[in-house]
Chemist: 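My structure is below; once you've seen it, I'll send some questions.
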Amino acid sequence: MGDVEPNPETPERPAGSVPEPASTPEPVSAPEPVSPAEPAPTSGTSLASFAGGLMNLLGSYGLAVGLLAVLLVITFLGTLEQRHQGIYDVQKQYFESWFHVSRTLGATMDKPTSGFPIPLPGAMPVLMLLAMNLAVGGIVRLRKGSSTVGILVTHLGIAALLLGGLVEFMFSREGTMTIRPGQSNGSYVSYHDWDVVVSEFLEPKTNHSGETTTPGREFVIEQATYAGLSSGEKRRFQHPDLPFHIDFSGYRRNCRPVRVGAASGMGDIEGWLLHEQKPEMKAEQNTPGVIATLVDVAPEGIARQGTKHVVLWGLTTGPYLFEWQGRRFGIDMQRQRYEIPFRIRLERFEKVDHPGITMAREYSSYVQMVEDGAVQDVHITMNEPLRHRGYIMYQSSYDPIGRDADGRTVYATVLAVSENPADRVPLWACVIIALGLLIHFCMKLYKHITVESRRQARATAD
Amino acid sequence: MARTSIRLGLAGLLIPLLACLAWLPGCSDDGPVVIEKVREIPAVDPRELIERTHADRFALALPPSERPGAEPAPQPPGRIEWEWLLPEGWKENEASGMRAVSIEVPAAKADAPPADVAAFLLPLSPMLDNVNRWRGQLGQGPVAEADLASMAYDWRGEQAILVDLVEDTGGGPDAPPPSKRFIGLLVPFQGRLFSVKIVGPVDVVNANETKFHAFLQSLAAKEATRGVEQPTPPTDPKTRGLRERLQWDTPSGWAAERAKGGMRVASFRIANAPELDVRIVALRGDGGGLAQNARRWAGQAGHGPVTDETLAKLPRIEVLGTQAVLCDFEGRTTLGGGTEEVDAVALGLICLLEGESLFVYVLGAKQDLAPHRASFVSLCRSLRFEE
């Protein structure tokens, strides 16, 4: 790793530093070292000196080693923490955070927070610094020449890998899509995020087929805007087209409605309370709840309706319906729904059991992907997902929904949907890294063979 | 010079970037939030827009038998299938014979004997008989029916009994330490008695106690095999009369729920102390009487020995036309399966009537329960029979 770009301000190598032999094997995964004896700029301001020091630090081997060691500790403690919490929560605390105090070391199963407190940076800032370290030391300051092509390519591959991770972190989504046989679906729902949806139902209409339907629109309050509310905290939501404000309070990440009887004096809403439950190890099994208070915002001259309290919970069988100033509304908590730019229609679901028992050996879905009028047949199995436009659909599960005329069980298919713009980046990054290493090793081998053959030729001539 | 400019430029980019990244998580705005996402919804069939009661909307949170419009299920099949969440490290075995569930709980050391978890659905029989049978297996003497009140346990919303026993090895100075621990659940289920137990070496059961409770709460009959909810067997005519006629004034901030059957007459939840379980229990006879109950409650609160003199000095209040004894014991003990001792309080009322007895009892951490002493006494004083 001695191929540092020549510094125009330090034309002469300082005394005591030894030029690295060209044939020295070069590690490729760590960034470029900076000579500790590099003299201060002969010209420039103190700011330039500071900037130079910062760049030296950012591109140093020491920083790379330190950051990798911290990552090792975070990963180790994050893995231990999974005794007490599900992987989703551990990822949020240890990897997708800026700072975290781990208490898993020395904690017992009964008291998961009783361990020794260890303050840690989250993996996110550590990886950011590592990316900067790689960019400065391994790409910007790397001497560009024929002998370092392989290293440069490898470093670019690692940078692509990190960038892919960032894109995935920022823009990826995961959820599930359920489709019944003969039906199609153009959206999927989140595993973990829940929205509160206020629906306004407009006047019913009859279409040309004679079917009467009720059109409407939905005002969506996304989980990110209310999930951070502590138990005693309130937050108000409003929209110019809504005749009421909505105050949220008593948010609980995992809870169950409990009937306590009307006017119990326990702060119940018509005899119901939300009873907090311990978070589930599998975060997708949590069912949140929140108390919504509708507050009138009637303009002058219109009679005010006062306030209305509603208990919202994730697994209700339908929305809470009400009228407000002559308009019809419903309010409900639903899993966050994401539209996709094409539809999937389930033609046939196949389940093959192990002999003699009803345990599935394998199951798969024969679907049609419909996009802009074009139809494509696809067979989705557990190991062969459908990949299209950044969406990956895996065969995840199935739901028995009834029996057909022959008495056979009919299943709806359940697909796991992953939306990741950087889906293929890890693959291509690995290809780039492998190519870089191949170039580098081939060049070293060629150089070694050339030197050896010359040496042998000289020995023969002598 | 060019090099200096590059350094300055890079540092100039990096420093604000780092500053922004550090600032971002602190962003917050406590003002009203404007809803930004508005979308059209697919047209809805007006027949789907029906008013739903809370019980309708929250049907999935209710036991199937309490769900609105619940239809009687087919007659129970001979064998009910169960489903559960298997705790990590536990090994499921094939359930054969009378066992509905069979699980092996390995010890931490590979060569140490494991604990055994088993569940049975048995013909209905008195709980006391089963408790005393289990006690006998662990070398312990029998208990009275009144003692069952202290073993009350909430199993998936059902009133159950949880028995926790450690082998009695004699208790003398030369006696070996207990080697076996037993935790068992008993609950009436569809006209039968459902029992679940974990039994094995003390250290293995201790290490898996939390998992066992989680396992118990996850254990449920599969919908397809769930039978008809059997009517609660009629209680003793005497206690049934007491149960039906008993009235009280629920203290402010408390919520009362009248029990449907069993020994418990009513349960109370307290708004700011949901872990407290205040209960009224009715029993035949004297239910063990004053001394036995008071000493057991004192023991549960970690209070020292209760002498006859102390018993004689316990305050009396008039309840249901008789002088009932009010108990208030403080001590230090572990609560709720925890391992750390806390300051605890046991509040109780012992009301001995003619041929029957009534108990009001709550055990909890002092910091939770102490503020509700006055409410507890007022509840006791308000007990009366319906005119």
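Source: prediction; values computed, not measured. Here is the naming used below: chain letters follow the sequence lines, and residue numbers restart at 1 for every chain.
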Chemist: Which bit of A:Tyr320 comes within less than 4.5 Å of chain B, counting heavy atoms only: side chain, backbone, both or neither?
Modeler: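 For A:Tyr320, the contact with chain B is made by backbone and side chain together.
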Chemist: Suppose we screen for ring-ring contact (aromatic ring centres under 6.0 Å, His included). Which residues come up paired with B:Phe376, at least two apart in sequence or across chains?
Modeler: none
Chemist: Top residue by heavy-atom pair count (under 4.5 Å) with chain A, among B:Glu40, B:Lys211, B:Arg39, B:Lys37?
Modeler: B:Arg39
Chemist: Using heavy-atom distances under 4.5 Å, tell me whether A:Val198 contacts chain B through its side chain, its backbone, both, or neither.
Modeler: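 Contact with chain B is absent: no heavy atom of A:Val198 under 4.5 Å.
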Chemist: Sort out for me which of A:Pro215, A:Ser114, A:Gly318 touches chain B most, counting heavy-atom pairs under 4.5 Å.
Modeler: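 That would be A:Gly318.
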Chemist: Between CE of A:Met128 and CH2 of A:Trp98, what distance do you get to the nearest 0.5 Å?
Modeler: 4.5 Å
Chemist: Pairing donors with acceptors under 3.5 angstrom, does anything connect the side chains of A:Asp332 and A:Thr316?
Modeler: yes
Chemist: With respect to chain B, which residue among A:Gly330, A:Pro240, A:Pro319 yields the maximal number of heavy-atom pairs within a distance under 4.5 Å?
Modeler: A:Pro319
Chemist: For A:Glu96, enumerate each residue passing the salt bridge (charged side-chain N to carboxylate O under 4.0 Å, His left out) test, keeping only those at least two apart in sequence or located in another chain.
Modeler: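 A:Glu96 satisfies salt bridge (charged side-chain N to carboxylate O under 4.0 Å, His left out) with A:Lys92 only.
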Chemist: Sort A:Leu242 into side chain, backbone, both or neither according to what part of it lies under 4.5 angstrom from a heavy atom of chain B.
Modeler: side chain
Chemist: In terms of heavy-atom pairs under 4.5 Å, which option from B:Glu88, B:Glu257, B:Arg57 contacts chain A the most?
Modeler: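 Top count of heavy-atom pairs under 4.5 Å with chain A: B:Arg57.
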Chemist: Using a distance-only test with no angle check, is there a side-chain donor-acceptor pair under 3.5 angstrom linking A:Gln334 and A:Asp195?
Modeler: no
Chemist: Starting at CD1 of A:Ile221, measure out to CD1 of A:Ile246 and round the result to the nearest 0.5 Å.
Modeler: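 Result: 4.0 Å between the selected atoms.
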Chemist: Just give me the residue among A:Met281, A:Gln238, A:Arg83 that pairs up with chain B most often, heavy atom to heavy atom, under 4.5 Å.
Modeler: A:Gln238
Chemist: Between atom CD1 of B:Ile103 and atom CD1 of B:Ile198, what is the distance when rounded to the nearest 0.5 Å?
Modeler: 9.0 Å
Chemist: For A:Pro125, is it the side chain, the backbone, both, or neither that has a heavy atom closer than 4.5 Å to a heavy atom of chain B?
Modeler: neither
